[in-house]
There are 2 protein chains.
Amino acid sequence: MMNFRAGEVHIAPGEALYHEGDETSYFYTAREGQGVRVKHLPNGGRQVVNFIFPGDVVGLQAILEGAASNSAIAASPMVLCRFEKRRLHELYRNSPDRAYALTWIAAAEEHFLGETIATLGQRNALQRMAWALLKIHHRLSAIGLAREEGDVPLPFKQRDLADAMGLSLVHTNKTLARLRPLATWENGRLRITNKEALAELALTDCALPPDRPLL
Amino acid sequence: MMNFRAGEVHIAPGEALYHEGDETSYFYTAREGQGVRVKHLPNGGRQVVNFIFPGDVVGLQAILEGAASNSAIAASPMVLCRFEKRRLHELYRNSPDRAYALTWIAAAEEHFLGETIATLGQRNALQRMAWALLKIHHRLSAIGLAREEGDVPLPFKQRDLADAMGLSLVHTNKTLARLRPLATWENGRLRITNKEALAELALTDCALPPDRPLL
DNA sequence: CGCGGGTTTGATCCCAGTCAAGTCCCGTGG
DNA sequence: CCACGGGACTTGACTGGGATCAAACCCGCG
């Protein structure tokens, strides 16, 4: 099998994998660490489009040609595999199964963004936070990052979560405080103590997409 | 070339192409008419995830297996082509270019959903409406649905737009009224009279991130 | 003429944004 | 060793944008 990897990338917390507006010719898969994809608005607003966890594909929009519509920023030290987008055609010609997996991933991503849209559009602050914490915990658990005690690493700042849920920093903080008996997030680790109550709050039917095929 | 079409579907305004929770084994491409993809929350909330215009692929998430995460509802009489998702593998094996195009479309969709997320998260009511009207008009113009006078067909209800932008119906109405000098939407047709002013309001352009220090 | 769905408008309320301090903690340097 | 500074997190007081409630209004239609 041909090797599509075009190198491995290491980035430190706070650094960018690529910037909004860049004409990047790569896309990536995350191996270790966590980060965010952010979009900036002309007025200074900052939206975290989604979180980047190990196993995610990052920057697939690069196949659209043109400037990247968002920046990818690391929140903890990250390791990613880099691929050249112009060799994607080869992949599609020579490795239909992997191509299919790629589409599958894109569809899964779309599925998740749809849920996020519903959250931003319909849920209040408490519901948003409950939803986000559940999703994050579930996702990280699924990729085996949970410790014995059931807590998962979450290296983000409250500001990141605030910008992800479209809430102000202060209100995010206050909302996290209200959720404290159900979930705690401190020292970069998130623990869910009452999943049922959280799900109740979040109005989640918590149906996640099935396991993905390997790329 | 093999024929993947598995029929043509006609649906009337208000009817569903598929319902949330359905185990559909099809996906579609829209040929005529317009509709919405909606998600429902347990508390009765309703979010319009996006609008369906001619040329769009609908229900590609079906490749994820399992229940559909949203419903597709027609707002005007629609005509769509139906495809069987289980034959997608064939497509990937026999027609890499079309497979690539499919991924391209999925990526474009993801790109758009990302913009929507930024809108719901960061923009206020006036900015949201301005953004939505611009996007819709631009999109419909691009597929040649604009008349001589520059107006495009928009068969939705104010409720649909409200649910798309996460605003209440009444506030949507009032906001549309405030935008009246810049854009009018009546009798199912949308006309933009002052594109520049609208874009100004919507804060669209967003080329480069403002010089906020990283991290 | 009455009815129902969609649109418009006014009055009131409250969730979340903003402003402003203050605390905790860690790294740096005197 | 402590003083200092800066970044993240907390907390309280105030404000306002948008939700909610409640009526009209404006059709097309039976």
Side-chain angles (χ1 to χ4, degrees), chain A residues 12-14 36 41 43-48 73 75-76 119-133 154-181 183-190 201 203, chain B residues 12-15 36 41 43-48 73-76 119-133 154-181 183-190 201 203 212-215:
Chain A
V36 289
L41 277 77
N43 60 346
R46 175 178 178 270
Q47 176 69 33
V48 170
I73 314 281
S76 60
T119 294
L120 295 183
Q122 306 299 132
R123 288 188 245 251
N124 64 27
L126 196 61
Q127 296 168 334
R128 290 186 203 191
M129 291 302 316
W131 178 85
L133 295 183
L154 198 65
F156 304 106
K157 318 287 184 203
Q158 291 188 355
R159 162 135 302 279
D160 296 317
L161 199 43
D163 289 341
M165 306 308 286
L167 298 170
S168 71
L169 174 58
V170 293
H171 199 56
T172 296
N173 181 317
K174 289 171 180 172
T175 306
L176 281 171
R178 289 174 63 191
L179 289 177
R180 210 85 79 186
T184 51
W185 174 29
E186 44 199 13
N187 304 321
R189 301 200 68 94
L190 168 67
L201 276 181
L203 301 173
Chain B
E15 300 199 329
V36 290
L41 277 78
N43 61 347
R46 175 179 179 269
Q47 176 69 33
V48 169
I73 314 281
S76 59
T119 295
L120 295 184
Q122 305 301 327
R123 289 189 244 252
N124 64 26
L126 196 61
Q127 296 168 332
R128 290 186 202 190
M129 291 301 316
W131 178 85
L133 295 183
L154 200 65
F156 304 106
K157 316 290 183 200
Q158 290 188 355
R159 161 136 303 279
D160 296 317
L161 198 45
D163 289 340
M165 304 311 282
L167 298 170
S168 71
L169 173 58
V170 295
H171 199 55
T172 297
N173 182 316
K174 288 170 181 171
T175 307
L176 282 171
R178 288 174 63 191
L179 289 177
R180 209 84 79 188
T184 51
W185 174 29
E186 44 198 11
N187 305 323
R189 300 200 70 93
L190 169 67
L201 277 180
L203 301 173
R212 168 197 300 257
L214 293 179
L215 179 62

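Throughout, a chain's letter reflects where its sequence line sits, starting with A, and its residues are numbered from 1.
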Could you write nucleotides 24-30 of chain D as a row of B, S and -, 5' to 3', where a protein heavy atom under 4.0 Å of any base atom gives B, of only sugar-phosphate atoms gives S, and otherwise -? -------
Side chain to side chain contact (heavy atoms under 4.5 Å, CB included) involving Ala74(B) - partner list, sequence neighbours excluded: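 Residues passing side chain to side chain contact (heavy atoms under 4.5 Å, CB included) with Ala74(B): Ile11(B), Met78(B).
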Could you tell me which residues satisfy side chain to side chain contact (heavy atoms under 4.5 Å, CB included) with Pro155(B), sequence neighbours excluded, listed by chain and number?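 Only Gln34(B), Ala75(B), Ser76(B) meet the side chain to side chain contact (heavy atoms under 4.5 Å, CB included) criterion with Pro155(B).
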Quick one: is Gln158(A) getting a side-chain N or O under 4.0 Å of the dT10(D) phosphate, OP1 or OP2?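 Answer is yes, contact under 4.0 Å.
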Distance below 4.0 Å between Arg180(A) side-chain N/O and dT10(D) OP1 or OP2: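 Affirmative; the distance criterion is met.
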Axis-to-axis angle between the two ends of the helix from dC1(C)-dG30(D) to dG30(C)-dC1(D) (five base pairs per end, rounded to 10 degrees):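 Taking five pairs per end, the axes differ by 20°.
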Round to the nearest Å and state the distance from [X] atom [atom1] to [N] atom [atom2].
X         : N       : atom1 : atom2 : answer
Leu126(B) : dG18(D) : CG    : C1'   : 13 Å
Leu176(B) : dT7(C)  : CG    : C1'   : 11 Å
Glu186(A) : dC24(C) : CD    : P     : 15 Å
Arg123(A) : dA19(D) : CZ    : P     : 17 Å
Arg178(B) : dT9(C)  : CZ    : C1'   : 15 Å
Asn124(A) : dA19(D) : CG    : C1'   : 12 Å
Asn43(A)  : dG17(C) : CG    : C1'   : 14 Å
Arg159(A) : dC9(D)  : CZ    : C1'   : 12 Å

For a quick test of reading the model, state the closest non-hydrogen atom pair linking Leu154(A) to Trp185(A) and the distance between them.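 For Leu154(A) and Trp185(A), the tightest heavy-atom pair comes out as O-NE1, 3.1 Å.
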If you compare all heavy atoms of Leu190(B) against all heavy atoms of Leu133(B), which two are closest, and at what distance to 0.1 Å?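 Looks like CD2-O, 3.8 Å.
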Tell me if the CG atom of Asn187(B) is crowded by more than 12 foreign heavy atoms within 6.0 Å.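 Not more than 12 within 6.0 Å, no.
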Identify, residue by residue, the members of residues 160-173 of chain B with a heavy atom below 4.0 Å from DNA chain D, and return them in order of residue number, or none.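 Close to the strand are Gly166(B), Leu167(B), Ser168(B), Val170(B), His171(B).
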Under-3.5 Å N/O pairs linking protein and nucleotides 11-13 of chain C:
{"unit_1": "dA11(C)", "atom_1": "N6", "unit_2": "Lys174(B)", "atom_2": "NZ", "d": "3.3"}

Enumerate the side-chain hydrogen bond (donor to acceptor under 3.5 Å, both in side chains) contacts for residues 165-176 of chain B, please, sequence neighbours excluded, ordered by first and then second residue.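 Applying side-chain hydrogen bond (donor to acceptor under 3.5 Å, both in side chains) to every pair that reaches into residues 165-176 of chain B, excluding sequence neighbours, yields Gln158(B)-Asn173(B).
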Under the rule for salt bridge (Lys or Arg N to Asp or Glu O under 4.0 Å), what residues qualify as partners of Arg189(B), not counting sequence neighbours?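 Scan of Arg189(B) (salt bridge (Lys or Arg N to Asp or Glu O under 4.0 Å), adjacent residues dropped) gives Asp151(B).
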What pairs with Arg159(B) under salt bridge (Lys or Arg N to Asp or Glu O under 4.0 Å), at least two apart in sequence or on another chain?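 Here the qualifying residues are Asp163(B).
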Under 3.5 Å, sequence neighbours excluded: what are the donor-acceptor pairs made by side chains of residues 120-131 of chain B?
{"unit_1": "Gln122(B)", "atom_1": "NE2", "unit_2": "Arg46(A)", "atom_2": "O", "d": "2.8"}
{"unit_1": "Gln122(B)", "atom_1": "NE2", "unit_2": "Gln47(A)", "atom_2": "OE1", "d": "2.7"}
{"unit_1": "Arg123(B)", "atom_1": "NE", "unit_2": "Thr119(B)", "atom_2": "OG1", "d": "3.3"}
{"unit_1": "Arg123(B)", "atom_1": "NH1", "unit_2": "Ala202(B)", "atom_2": "O", "d": "2.5"}
{"unit_1": "Arg123(B)", "atom_1": "NH1", "unit_2": "Leu203(B)", "atom_2": "O", "d": "3.1"}
{"unit_1": "Arg123(B)", "atom_1": "NH2", "unit_2": "Thr119(B)", "atom_2": "OG1", "d": "3.3"}
{"unit_1": "Asn124(B)", "atom_1": "OD1", "unit_2": "Leu126(B)", "atom_2": "N", "d": "3.2"}
{"unit_1": "Asn124(B)", "atom_1": "OD1", "unit_2": "Gln127(B)", "atom_2": "N", "d": "3.0"}
{"unit_1": "Gln127(B)", "atom_1": "OE1", "unit_2": "Asn124(B)", "atom_2": "N", "d": "2.9"}
{"unit_1": "Arg128(B)", "atom_1": "NE", "unit_2": "Arg123(B)", "atom_2": "O", "d": "2.8"}
{"unit_1": "Arg128(B)", "atom_1": "NH1", "unit_2": "Met165(B)", "atom_2": "O", "d": "2.5"}
{"unit_1": "Arg128(B)", "atom_1": "NH2", "unit_2": "Leu120(B)", "atom_2": "O", "d": "3.1"}
{"unit_1": "Arg128(B)", "atom_1": "NH2", "unit_2": "Arg123(B)", "atom_2": "O", "d": "3.3"}

Mind checking whether Val48(A) and Leu161(A) have side chains closer than 4.5 Å, heavy atoms only?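 Heavy-atom side-chain distance check fails, nothing below 4.5 Å.
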Assess whether side-chain contact (heavy atoms from CB on, under 4.5 Å) is satisfied between Leu201(A) and Leu179(A), documenting all intermediate values. CA-CA 10 Å; Leu201(A) 276 181; Leu179(A) 289 177; 3.6 Å; yes
